[in-house]
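We count ligands from 1, going down the list as the structure has it; atoms in each ligand are counted the same way.
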Amino acid sequence: MDIKELRDRIDEADAALLDAFCRRMDVSAQLAEYKKDNALPIYDPARERQKLGEVALGTPEPLRTHAMALYSLLFDLSRSYQEKILCPDAPLVRQITGAIDGTPKLFPQTPVVACQGVEGAYSQLACEKLFPVPNIMYCTTFESVFSAIDSGLCRYGVLPLENSTAGSINKIYDLMMKYRFYIVRSARLKVDHNLLAKKGTSVKDIKEIISHEQAINQCGAFLKSLSGVRITAAENTALAAQTVAESGRSDIAALSSRYCADLYGLECLAESVQDQGNNYTRFITISKVLEIYPGADKTSIMMAVPHKPGSLYRILSRFYALGINLIKLESRPIPDRDFEFMFYFDLDTPVYSPQFAELMSALAAVCEEFRYLGSYSEIV
Ligand SMILES: O=C(O)C(=O)C[C@]1(C(=O)O)C=C[C@@H](O)C=C1
């Protein structure tokens, strides 16, 4: 048999499948109306289990798992179709539409912004990338940034979320579980670590290098190339530069930004010493109020899914069914719950698209715990 004949047979099978699929979804819509009239929940796990059992029995062995995967997807599509019929205007979708209409068109120019660190820290550079003229309030910890927003002390907070070399900043993800906030903008900042020391120092004199743990990790190869040097962790890279400047020693150096060299009158002994030339950190701007500025094409959400096989797959299949691209997936253990995880998703979808509205109403209905973290644009 040639390829043309085989493809004709596939087309024939597909026509029957498509017809059966449309009929099945049509009945699903009728079931949605029945459930509404009789106050029944959309999801009926016992019925789905029974159907899967029948599918397993009715399918020859080599195709059994494939058929079961197909039916799991069919149930998902069927349920999301029913949700669309029963709750076309979910409260979350109304809240998002309200925020789009109610947010000013211009991003704030001179607000009070909280960030962790001191003058010269990468967070300060991020604040300046995110706002034209930020009025920066420095906090000692990431948590104090969250609480400054929560208490209304500052309107915005800027926090690092992930680094292209070192990965996610788990502490921030964990704090996200504890505080209520929305992301209103993000930015990618190129992070260049430089070896800074007092003027007149040469690399061979250096006996100690101080910096933030993340920066030390990102400069592993360079640090290995220096022998007999003690590595000391500092609270942040700016503080490391300040310590060197105030040390009165000519055998100590810091890994820090170019900005800090100027700020603390230090000399740059070696430039861009990080392992990966393209070292970026992604920062987010958070606010207590949901604001959606024009051009929002990214959305972050977090959710706890039931602790059973296929739960995450069910969520992912919804993204797939609606053609929504997932750009990041992170998971963190939920405190006090045995091996249960909170999942964080970054989605690449304009907040104005109908698929997005459909996804938001569907997810809010299927997850154990679901939080919409905001829609925003990213400055690169
Ligand atoms: O049987 C139902 O109650 C349906 O709504 C149909 C259906 C299905 O698509 O087969 C969809 C959702 C339920 O969880 C169970 C089954």
Any salt bridge linking [X] with [Y]? Criterion: basic side-chain nitrogen under 4.0 Å from a carboxylate oxygen.
{"X": "Lys328", "Y": "Glu330", "value": "yes"}
{"X": "Asp76", "Y": "Arg79", "value": "yes"}
{"X": "Glu369", "Y": "Arg337", "value": "yes"}

Legend entry - Centroid separation Phe345 to Phe319 less than 6.0 Å: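 Judged by ring-centre distance (under 6.0 Å), Phe345 and Phe319 do meet the cut-off.
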
Inset, instruction - Heavy-atom cut-off of under 4.0 Å around ligand 1: list whichever protein residues fall inside it, by chain and number. - result: Arg24, Leu31, Lys35, Ile42, Tyr43, Asp44, Arg47, Glu48, Phe75, Ser78, Arg79, Gln82

Inset, instruction - Please work out which of the three classes, parallel, tilted or perpendicular, describes the rings of Phe107 and Phe131, given edges at 30° and 60°. - result: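 The arrangement is parallel - the two ring planes meet at less than 30°.
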
Legend entry - Residues that, via side-chain heavy atoms closer than 4.5 angstrom, fall in one hydrophobic cluster with Leu18: none

